[in-house]
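The structure appears right after this line, and notes come after that.
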Amino acid sequence: AQKVTQAQTEISVVEKEDVTLDCVYETRDTTYYLFWYKQPPSGELVFLIRRNSFDEQNEISGRYSWNFQKSTSSFNFTITASQVVDSAVYFCALSEGGGKLIFGQGTELSVKP
Amino acid sequence: DGGITQSPKYLFRKEGQNVTLSCEQNLNHDAMYWYRQDPGQGLRLIYYSQIVNDFQKGDIAEGYSVSREKKESFPLTVTSAQKNPTAFYLCASKIGPDNYGYTFGSGTRLTVV
């Protein structure tokens with residue numbers, strides 16, 4: 001069965017620290033997509049990144065970077081030099097063949113000044 | 001601007017009453033989804049629809065009903081059979097069969113008193 005696990009429920013860091021959010025997934029599909037979303041206190045989901053199962057290249061976008069490793073079924077997310085505005089709940093998600101998104105439990109990140 | 005509109009943002013209902021949450025999109029997306037979010041549990045799929053006049057149960061469909069009479073609209077009814085309806089509800093849509101391009105609404109927070 002498809003499953004996404006975010007083992008870190010809450011993380012608290014001080015501004016300018018680097019922080020890595022872990023995501024481990026399970027799927028039998030050979031073709032799938034992985035996502036990261038940010039949910040600020042207002043509640044809407046903000047799309048951060050999508051990665052397909054055939055593209056294991058790491059990606060960097062400003063202070064954000066993602067490390068996708070099929071060998072360990074992980075898709076970790078790192079924020080470099082965190083800022084208070086990064087405080088939010090972050091979700092990792094897996095898209096299976098039927099188009100449904102399966103979400104992890106979320107990691108609540110608190111960045112203190 | 002194209003997007004998904006969920007209304008209302010906050011909804012209060014008495015226990016035992018049915019309530020309908022609205023979800024409208026003007027993106028011409030084929031597929032639409034309803035998710036429920038409880039604290040610490042991530043998002044769980046309630047129902048989804050890939051074409052008009054067709055929909056499928058998600059992981060937690062009991063106590064909910066939907067309709068898809070128009071491409072733009074996918075209302076969710078929370079019935080009195082739902083034992084614990086207080087939650088945050090998110091609607092999403094996606095164009096075509098490709099597993100990317102999900103768009104989320106801003107959510108409805110339902111409180112049953």
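- Looking at B/Leu43, the atoms closer than 4.5 Å to chain A (heavy atoms on both sides) sit in the backbone and in the side chain alike.
- Checked against the 6.0 Å centroid criterion, the rings of A/Tyr37 and B/Phe104 qualify as a close aromatic pair.
- Residue A/Thr107: no heavy atom, backbone or side chain, is found under 4.5 Å from chain B.
- Counting only N and O atoms by type, the side chains of A/Glu56 and A/Asn58 include no donor and acceptor under 3.5 Å apart.
- When ring centroids are compared, A/Tyr64 and A/Phe77 come within the 6.0 Å threshold.
- Geometrically, B/Lys94 engages B/Tyr102 in a cation-pi contact defined by less than 6.0 Å to the ring centre and at most 45° from the axis.
- Looking at A/Gln39, only its side chain comes within 4.5 Å of chain B, counting heavy atoms on both sides.
- Heavy atoms closer than 4.5 Å to chain A are found nowhere in B/Gln6, neither backbone nor side chain.
- Between B/Trp34 and B/Leu21 the shortest side-chain heavy-atom distance falls below 4.5 Å.
- Neither the backbone nor the side chain of A/Phe47 comes within contact range of chain B, judged by heavy atoms closer than 4.5 Å.
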